[in-house]
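So you know, we letter chains A, B, ... as the sequences are listed, proteins then strands, and number each from 1.
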There are 2 protein chains.
Amino acid sequence: MKRMTLETDTRTRILVVARDMFHGRSYADVGIQEICEAARVQKGSFYHFFPSKRDLALAVIDDMADDWAHGFVAEAFDQGLPPLERLDYMIDAAYYWQKSAADLEGRMPGCLFGNLALEISTRDDVMRARLNAVFDKARDKFRVTLDQAVTSGALAALNTEATASAMLAYLEGVILLAKTRNDPQVIQLLGPAIKTLRIEMSH
Amino acid sequence: MKRMTLETDTRTRILVVARDMFHGRSYADVGIQEICEAARVQKGSFYHFFPSKRDLALAVIDDMADDWAHGFVAEAFDQGLPPLERLDYMIDAAYYWQKSAADLEGRMPGCLFGNLALEISTRDDVMRARLNAVFDKARDKFRVTLDQAVTSGALAALNTEATASAMLAYLEGVILLAKTRNDPQVIQLLGPAIKTLRIEMSH
DNA sequence: ATGTTAACAGACCGGTCGGTCAAGTCAAGC
DNA sequence: GCTTGACTTGACCGACCGGTCTGTTAACAT
């Protein structure tokens, strides 16, 4: 069934290219024609794999969420490191990622999910929900980490669910600010303060 | 010189309409034709006042920044309230603003500056710089508040400059998350934790 | 060999994009 | 009353948008 190709799979090639372009620019700014050219694919082939641009974006989100979960998120969160140090590790990872991207492209791309969320969540409820789900997953990683920190006594008891959300919000906000300044160092400067965020238990 | 008109000034009408549309949707998604229709203005008139769509956006940013500075920011920050309570006041103001917008339009618009920053700061350095300046101003409001909190003894000494940036980042992040969930209450839930953010003085 | 079908090619579509322009309106200054 | 210049009108432009359509190719099973 699966066609064996010497080079990368066409669908994958489209996906990879589209991800990078959406990430580095924006959803609306990148045209299908442009994506096809970059992926060396014809329009007809594109629409063979993706019903619409929107569906491509959804696929990109899923794809990126996967890579993310198995990539640096897993790395940052599933360590044998003490819980709170994982947060520092994650901030560091975010910094180096954005830094290297900025060095390559000359500008900080920021967070693909945050970018897309602000750009299209007012116009497309399906995409908004999908992005929301990605954030929920990320928040869960934070929550687990916080739970462990509390049970290990490294942290006084708190509302781990809400605090996890707060930390995710802070991370996104820091990346937003860093992108606006086009300076990854902002992440290094502000990032570590993520550990000071606290939302007490409501009782 | 100035032409007196019974109804609102044409330029102002364009500005107001464009602001709302950019805020509620996105820069790329709103066309000039659409803006003209909503403002009951002809294309030619539009280009009489604004050299380009980009220049309109810049004007919108300035306009909004002004309104913001003289509106709820001034209200939230220049009170006779104790410094730390101003932060709560500001969170509250943000919540009610987003809430009423969501009730009217059915969706949370989020922060115009944050939205624009993520959408175009990778493509237009001038706009990026302008948005950055707006953020700098906002950060200054936070810093002054923190300075007062420290001198009044309400807060232990800390790096007010960096902490102010952190708070701004957190605010933007919270709004981003709330917009993605399309639920203003997220602001109420996460917002108050802004007071827990701390970046110590480097010495 | 032949029929089937996924994969790919590329011309083509109506519509919309941001932006231009020539023509005209009208009130103020001389 | 004539000129000036800000303002308005609406037709028009080429480029590009997302998406469709008709074919062609090549790897399969039969």
(message) What is the separation between atom CZ on A:Phe49 and atom P on C:dT5, rounded to the nearest whole Å?
(response) 18 Å
(request) Grab the CZ-P distance between B:Arg40 and D:dG10 for me, whole Å please. (result) 14 Å
(request) Provide, to the nearest angstrom, the distance between the CD1 atom belonging to B:Ile14 and the C1' atom belonging to C:dG19. (result) 14 Å
(request) May I ask you to evaluate whether A:Ser45 reaches the phosphate of C:dA9, defined as a side-chain N or O under 4.0 Å from OP1 or OP2? (result) yes
(request) Rounded off to whole Å, could you give me the CG-to-C1' distance for the A:Asp9 and D:dA27 pair? (result) 15 Å
(request) Would you mind telling me which of C:dC17, C:dG19, D:dC17 lies closest to the side-chain atoms of A:Gln33? (result) D:dC17
(message) Quick test of your reading of the model: are B:Asp140 and B:Lys137 salt-bridged, counting only N-O distances below 4.0 Å?
(response) no
(request) Mind calculating the distance between NE2 (A:His48) and P (D:dT20) to the nearest angstrom? (result) 15 Å
(request) Select one nucleotide: of D:dG18, D:dT8, D:dA11, the one nearest the side-chain heavy atoms of A:Ile32. (result) D:dG18
(request) Could you tell me whether the side chain of A:Lys43 has a donor or acceptor atom within less than 3.5 Å of a complementary atom in the base of D:dG19? (result) yes
(request) Between A:Gly44 and A:Asp29, just flag the one whose closest nucleotide in DNA chain D comes earlier from the 5' side. (result) A:Asp29
(message) Quick check for you: among D:dT8, C:dG10, C:dC8, whose closest atom lies nearest to any side-chain atom of A:Gln42?
(response) C:dG10
(request) Examine C:dC8: is either OP1 or OP2 under 4.0 Å from a nitrogen or oxygen in the side chain of A:Thr10? Give yes or no. (result) yes
(request) Please determine if A:Lys99 and A:Asp103 form a salt bridge, counting it only when a charged side-chain N lies under 4.0 Å from a carboxylate O. (result) yes
(message) Taking the minimum atom-to-atom distance to the side chain of A:Ser52, which one of C:dG19, D:dG19, C:dA9 wins?
(response) D:dG19
(message) Tell me the interatomic distance from B:Phe46, atom CZ, to C:dG18, atom P, rounded to whole angstroms.
(response) 9 Å
(message) Are the side chains of B:Leu15 and B:Phe49 in contact, using a 4.5 Å heavy-atom criterion?
(response) no
(message) Rounded to whole Å, how long is the line connecting atom CD of B:Glu37 with atom P of C:dT16?
(response) 10 Å
(request) Output yes when A:Glu119 and B:Arg25 qualify as a salt bridge under the 4.0 Å nitrogen-oxygen rule, no when they do not. (result) no
(request) Whole angstrom is fine here: how far is it from OH in B:Tyr47 over to C1' in D:dC13? (result) 13 Å
(message) Do A:Tyr27 and A:Asn115 have side chains that approach each other closer than 4.5 Å (heavy atoms only, starting at C-beta)?
(response) no
